[in-house]
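Report on the structure given below.
One-based numbering along the sequence shown.
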Amino acid sequence: MRIDKLLSNLGYGSRKEVKQLLKDGAVKVNDTIVRDAKQHVDPNTETITLYGEVIEYKEWIYLMMNKPPGVVSATEDYQEKTVIDLLEMEDQVYKPFPVGRLDKDTEGLLLLTNDGQLAHRLLSPKKHVPKTYFAVIDGEVTEEDVQAFAKGVVLDDGHLTKPGELKILKSGLRSDIELTITEGKFHQVKRMFQAVGKRVIYLQRISMGPLKLDESLGLGEYRELTEEEIEQLKNYQVK
């Protein structure tokens with residue numbers, strides 16, 4: 001890759017600004033000053049420094065975020081704050097995007113990456129990747145609801161959902177549940193409960209395929225996935 005393209009991709013300035021850095025002798029490759037913007041470098045095998053600081057280059061980025069409410073799952077929005085706005089500039093330069101979306105008022109696990117191939121695999125309707133949610137329901141969730149969800153329920157637009165696995169954690173005037181589904185229809189969890197006459201008052205996604213929300217992440221916080229988590233996602237096969 002050309003040295004000017006690499007540096008501008010990493011957010012060190014426009015091509016023009018990067019050329020000035022090169023002219024100033026600020027960039028070294030393997031301890032040799034490089035001034036030619038067209039010089040090709042291999043960031044995987046060569047050490048590149050800017051003013052003595054080693055530049056870390058990676059092609060792909062994989063982030064786990066604990067999405068807060070009030071933020072939209074999009075790369076840009078002219079009115080609302082997006083999950084990308086929560087990222088540090090050093091991560092934004094890789095142009096990650098959310099894999100799927102969580103409703104604006106829904107919290108929890110959100111994967112962000114620039115790996116389009118992985119995102120496609122996880123989102124493909126043919127793959128049926130399970131997603132598990134914790135929810136607080138206004139109303140008593142019963143075994144009848146469990147059985148109804150296991151068969152699939154009819155949403156307000158006539159769509160019959162695929163079977164969902166509903167677990168009752170606490171039942172009462174307000175019920176705590178976990179629901180695992182393999183589809184991603186618009187507002188699906190809320191609409192499934194509407195179909196049985198109940199209302200979701202709190203919703204949090206806690207897992208997606210093999211990836212589980214890191215409970216140490218506060219709302220709005222994120223971290224890079226571990227090598228193990230990345231491998232689990234790449235090798236994941238729905239049973």
Side-chain angles (χ1 to χ4, degrees), residues 1-68 70-102 108-122 211 213-235:
M1 186 185 296
R2 278 175 52 145
I3 186 74
D4 60 345
K5 185 172 190 293
L6 180 137
L7 291 170
S8 61
N9 281 0
L10 290 176
Y12 288 105
S14 64
R15 287 282 184 98
K16 188 178 177 183
E17 289 165 335
V18 164
K19 277 180 178 153
Q20 191 58 52
L21 288 172
L22 290 160
K23 272 185 188 174
D24 293 345
V27 181
K28 287 184 179 178
V29 177
N30 295 337
D31 289 330
T32 302
I33 291 173
V34 172
R35 299 183 195 274
D36 181 4
K38 294 177 185 171
Q39 179 165 327
H40 279 250
V41 292
D42 182 349
N44 297 311
T45 60
E46 297 179 294
T47 302
I48 303 159
T49 59
L50 176 65
Y51 292 118
E53 293 278 319
V54 175
I55 288 170
E56 285 192 40
Y57 176 81
K58 53 195 172 192
E59 188 171 5
W60 309 115
I61 191 167
Y62 304 91
L63 304 171
M64 175 196 296
M65 177 181 287
N66 185 0
K67 178 193 166 300
V71 178
V72 296
S73 303
T75 51
E76 58 182 10
D77 191 290
Y78 297 114
Q79 294 176 309
E80 308 279 1
K81 191 173 188 178
T82 74
V83 290
I84 302 300
D85 295 327
L86 299 178
L87 302 180
E88 299 288 340
M89 275 308 299
E90 64 202 51
D91 295 316
Q92 285 189 28
V93 295
Y94 290 98
K95 296 186 170 50
F97 52 86
V99 179
R101 56 180 57 229
L102 288 179
L109 175 66
L110 187 66
L111 174 65
L112 298 109
T113 184
N114 57 357
D115 185 342
Q117 196 174 2
L118 176 66
H120 176 72
R121 267 214 316 277
L122 292 172
L211 194 62
L213 178 64
D214 183 339
E215 292 179 2
S216 71
L217 290 174
L219 285 171
E221 293 183 344
Y222 69 94
R223 65 164 173 81
E224 289 201 46
L225 295 192
T226 64
E227 289 296 327
E228 186 182 358
E229 288 168 333
I230 295 167
E231 283 305 306
Q232 285 175 342
L233 281 175
K234 287 184 173 178
N235 298 323

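- Nearest heavy atoms, Val83 versus Val71: N-CG1, 3.3 Å.
- Side chain of Ser73 to main chain of Leu102: a donor-acceptor pair is present (N/O by atom type, distance under 3.5 Å, no hydrogens or angles).
- A 4.5 Å side-chain heavy-atom check between Leu109 and Met64 finds at least one atom pair inside the cut-off.
- Here CG of Asn30 is found 5.0 Å from CD of Glu46. Values are rounded to the nearest 0.5 Å.
- With hydrogens and angles ignored, the 3.5 Å screen pairs a side-chain donor or acceptor of Asn114 with a backbone N or O of Ile61.
- Residue Asp31 places its CG atom among 12 or fewer non-hydrogen atoms of other residues, nucleotides or ligands, all under 6.0 Å distant.
- Remark: Leu7 CG to Arg15 CZ distance equals 10.0 Å, nearest 0.5 Å.
- A distance-only check finds no donor-acceptor pair linking the side chain of Arg2 to the backbone of His40 [under 3.5 Å].
- The residue from Arg223, Lys67, Met65 that alone fulfils the side-chain contact (heavy atoms from CB on, under 4.5 Å) condition with Leu217 is Arg223.
- When all heavy atoms of Pro96 and Asp91 are compared, the closest pair comes out as CD-O, 3.4 Å.
- The closest side-chain heavy-atom distance from Lys81 to Leu86 is below 4.5 Å.
- Under the 3.5 Å distance criterion, the side-chain polar atoms of Asp24 are left unmatched by any main-chain donor or acceptor of Ala26.
- Between Leu111 and Leu233, the closest side-chain pair of non-hydrogen atoms falls below 4.5 Å.
- Contact check for Met89 versus Gln92: side-chain heavy atoms found under the 4.5 Å cut-off.
- Of the options Val34, Val27, Leu22, a side-chain contact (heavy atoms from CB on, under 4.5 Å) to Gln39 is made by Val34 and by none of the others.
- Put simply, the side chain of Asn66 never gets that close to the backbone of Gly220: no donor and acceptor are under 3.5 Å apart.
- No donor-acceptor pair closer than 3.5 Å links the side chain of Glu231 to the backbone N or O of Glu227.
- In this structure, Tyr57 and Met1 have side chains that are in contact, with non-hydrogen atoms separated by less than 4.5 Å.
- Around atom NZ of Lys58, more than 12 heavy atoms belonging to other residues, nucleotides or ligands sit under 6.0 Å away.
- Under the 4.5 Å side-chain criterion, counting only non-hydrogen atoms from C-beta, Gln232 is not in contact with Leu211.
- Rounding to the nearest 0.5 angstrom, the gap separating the NZ atom in Lys19 from the OG atom in Ser8 is 9.5 Å.
- Looking only at distances, no side-chain donor or acceptor of Arg101 sits under 3.5 Å from a matching main-chain atom of Ala74.
- Taken to the nearest 0.5 Å, the OH atom of Tyr94 stands 13.0 Å off from the CG atom of Leu87.
- In this structure, Thr75 and Pro98 have side chains that are in contact, with non-hydrogen atoms separated by less than 4.5 Å.
- Between Leu50 and Tyr12, the closest side-chain pair of non-hydrogen atoms falls below 4.5 Å.
- Once rounded to the nearest 0.5 Å, the distance linking CD1 of Ile230 with CD of Glu224 reads 7.5 Å.
- For the pair Asp77 and Glu80, the tightest heavy-atom approach, listed with the atom from each and the gap, is OD1-N, 2.8 Å.
- When all heavy atoms of Glu221 and Ser216 are compared, the closest pair comes out as OE1-O, 3.9 Å.
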